[in-house]
There are 2 protein chains.
Amino acid sequence: MSAQLARPHILDPHGALDPCATCEARPVSVCNAIADTDLGRLAAIAVVTETEPGQCFIDEGEPANSFFNITAGTAKLFKLLPDGRRQITGFVGAGHFLGLAVSDTYAFSAEAIERVRFCRFQRSKLRMLLDDFPLMEKRLLEVAANELVAAQEQMLLLGRKTARERLASFLLLQSRQGMPCGHSRRRFSLPMTRSDIADYLGLTIETVSRTLTKLRSEGLIDVVSQAEIIVRNPSGLEGLAGGLC
Amino acid sequence: MSAQLARPHILDPHGALDPCATCEARPVSVCNAIADTDLGRLAAIAVVTETEPGQCFIDEGEPANSFFNITAGTAKLFKLLPDGRRQITGFVGAGHFLGLAVSDTYAFSAEAIERVRFCRFQRSKLRMLLDDFPLMEKRLLEVAANELVAAQEQMLLLGRKTARERLASFLLLQSRQGMPCGHSRRRFSLPMTRSDIADYLGLTIETVSRTLTKLRSEGLIDVVSQAEIIVRNPSGLEGLAGGLC
DNA sequence: CGGTCACTTGATCGTCTTCAATACCAGTGG
DNA sequence: CCACTGGTATTGAAGACGATCAAGTGACCG
């Protein structure tokens, strides 16, 4: 018998540390639908992985063998046109579940912006697990429903809002990122580049840059550094964004 | 005792005709996750309703008390900006389930294009029912996942495609409407107006009209009547649409 | 036959894109 | 310490695509 580490109370039956029990993303993730006592089963099929910034960990069109659950860092999801035009469909952080599509290939690509850590689940294994934990399936449905609402909001932005309105909406969204519902930060930093913002808002980097400058000159925001934003006039921004809920 | 109607074999225990057993939308709807023997419970909480074209049956921002399941006709889903700009997020037909949002108010409005028939379910009642039929919850998750994929495709369209490409994508989508996966019709009719198409594609009616004329003059399509389209060159359209899966 | 409504077509305009130059910043090596 | 480099962001000028404004067409209907 090999030497045991300390803290045997968080060892699972196989003698390894249970990563799920101590996972900092659990409170904000679908995993919280699984009781502590059953957490070992989830941990048993989770493969924790880390990626460097700029690294792609999901490729549109490839066979969809895995589900993913982000536990740290930020990634961008995007779709490409044959000629290289790109649409970023979302920025995802800790707690976000990926790969829900029913199709047998991924419908989008995912690339790490910051260093990203995630759990990878083999689809077939997770599906079996879900059969035993209907509560988690319920949570997934909730999550999917919320994402659908967000997607519709983004369609409104892309189809009908001006560049100014898009930037205002985007900045407000970022200021609420990770905050409890109804709250926001006045000061926050953007982990993504201007190019990412442009491809998320259906604009060019030049228009993003120009519009940010304009918003700054009007006193609505402050651009402390390239990545650092301060919202000077939240209600003004909200007015511009046009009733983003 | 009151007089009985004929066809007693499709009477449910309460003596009313079971609408679900004979529903023509059932094969294409989430209801097919419920076994024939349990169908009475679903029918018991379904309120069948019909709406005239142009009538709104879901209003964005109103308390979300009901789920809906379209059984006939076509409706448009849309969001509005305070100044009246509109983005149509989808056209939905028989089998489509509405109201999945977790929020306590609707995130979009729905208006009948053709005469629409749907089942209305009180949210609380359907939620209780779902607890007893996890298979239906599974189906809902599948449906939501598929809609999410479609929404991302639409974001790509709205954010990065030109007017020509948007029309091409839209026409291909319509030509596949209601067809088994991988199939499409060469000839089909559009139930919606140019204004609806414009608000779905993030364009104006003038641009939609002009672009259709252009596609016709190039021999890609034929516009038989205002509502009737024939695809003359499917692969040409697909090339334009740019890899719509 | 006049009215309405949806659609089409034309002319002009404006927002955002494209192309191009410049600024900024961190890292590297002389 | 300072030039050099590569990547990212900003700013400027010109151009294009789609929007806006406006007029005309055709179908349907009372």
Side-chain angles (χ1 to χ4, degrees), chain A residues 52-54 76 81 83-88 111 113-114 157-171 189-218 221-229 240 242, chain B residues 52-54 76 81 83-88 111 113-114 157-171 189-218 221-229 240 242:
Chain A
E52 295 303 313
K76 54 193 174 195
L81 285 171
D83 63 358
R85 277 173 291 173
R86 184 178 68 160
Q87 179 64 38
I88 293 184
E111 182 184 319
I113 288 180
E114 307 162 319
L157 180 147
L158 291 169
R160 287 301 179 219
K161 289 187 182 176
T162 65
R164 282 169 66 76
E165 293 166 340
R166 293 183 200 199
L167 259 301
S169 304
F170 171 72
L171 291 175
S189 61
L190 304 170
M192 69 291 287
T193 66
R194 296 288 185 271
S195 177
D196 289 339
I197 299 174
D199 284 347
Y200 180 62
L201 299 178
L203 301 168
T204 59
I205 50 174
E206 293 94 334
T207 300
V208 170
S209 182
R210 268 187 260 271
T211 307
L212 283 178
T213 305
K214 196 106 184 293
L215 294 177
R216 194 182 53 71
S217 75
E218 293 167 352
I221 60 169
D222 236 351
V223 185
V224 185
S225 75
Q226 282 182 7
E228 202 77 8
I229 301 283
L240 249 184
Chain B
E52 294 304 312
K76 56 192 173 196
L81 285 171
D83 63 359
R85 278 173 290 172
R86 184 178 67 159
Q87 178 64 40
I88 293 184
E111 183 183 319
I113 289 179
E114 306 162 319
L157 180 148
L158 292 169
R160 286 302 178 215
K161 289 187 183 177
T162 65
R164 283 169 65 77
E165 294 167 339
R166 292 182 200 201
L167 257 301
S169 303
F170 171 71
L171 291 175
S189 61
L190 304 170
M192 68 292 286
T193 67
R194 296 288 185 271
S195 177
D196 289 338
I197 299 174
D199 283 348
Y200 179 61
L201 299 178
L203 301 169
T204 60
I205 50 175
E206 293 95 331
T207 300
V208 169
S209 181
R210 266 187 262 272
T211 307
L212 283 177
T213 306
K214 196 106 184 294
L215 294 177
R216 194 181 53 71
S217 75
E218 293 167 350
I221 61 169
D222 235 352
V223 185
V224 185
S225 74
Q226 281 182 8
E228 202 77 8
I229 302 283
L240 248 183

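Just so it is clear, the values below take in all heavy atoms, side chains as well, and ignore hydrogens, waters and symmetry mates. First the proteins, then the strands, lettered A, B, ... as listed; each starts at 1.
- Separating the CZ atom in A:Arg166 from the CG atom in A:Leu171 is a distance of 14.0 Å, to the nearest 0.5 Å.
- Judged purely by atom type and a 3.5 angstrom limit, B:Arg194 uses its side chain to pair as donor or acceptor with the backbone of B:Gln226.
- Atom-to-atom distance recorded for B:Asp199:CG and B:Thr204:OG1 is 9.5 Å, nearest 0.5 angstrom.
- For the atom pair CD1 (A:Ile229) and CG (A:Leu212), the distance works out to 5.5 Å, reported to the nearest 0.5 Å.
- With salt bridges taken as basic N to acidic carboxylate O contacts below 4.0 Å, none links B:Glu111 and B:Arg86.
- The main-chain N or O of A:Ile205 is never found under 3.5 Å from a side-chain atom of A:Ser209 such that the two would form a donor-acceptor pair.
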Check: Base, backbone or nothing for each nucleotide of nucleotides 9-25 of chain C, written B, S, -, heavy atoms under 4.0 angstrom, 5' to 3'?
Finding: BBB----SBBBB-----

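- A salt bridge between B:Glu165 and A:Arg85 is present, with a side-chain N of the basic residue lying under 4.0 Å from a carboxylate O of the acidic one.
- The CZ atom of B:Phe170 lies 5.5 Å from the CG atom of B:Leu190; values are rounded to the nearest 0.5 Å.
- Distance OG1/A:Thr213 to CD/A:Glu218: 11.0 Å, rounded to 0.5 Å.
- Rounded to 10°, the angle separating the first-five-pair axis and the last-five-pair axis of the helix from C:dC1-D:dG30 to C:dG30-D:dC1 equals 10°.
- First and last contacting nucleotides of DNA chain D toward chain B (any atom under 4.0 angstrom from a heavy atom, 5' to 3' order): D:dG18 to D:dC21.
- For the atom pair CD (B:Glu228) and CG (B:Asp222), the distance works out to 11.0 Å, reported to the nearest 0.5 Å.
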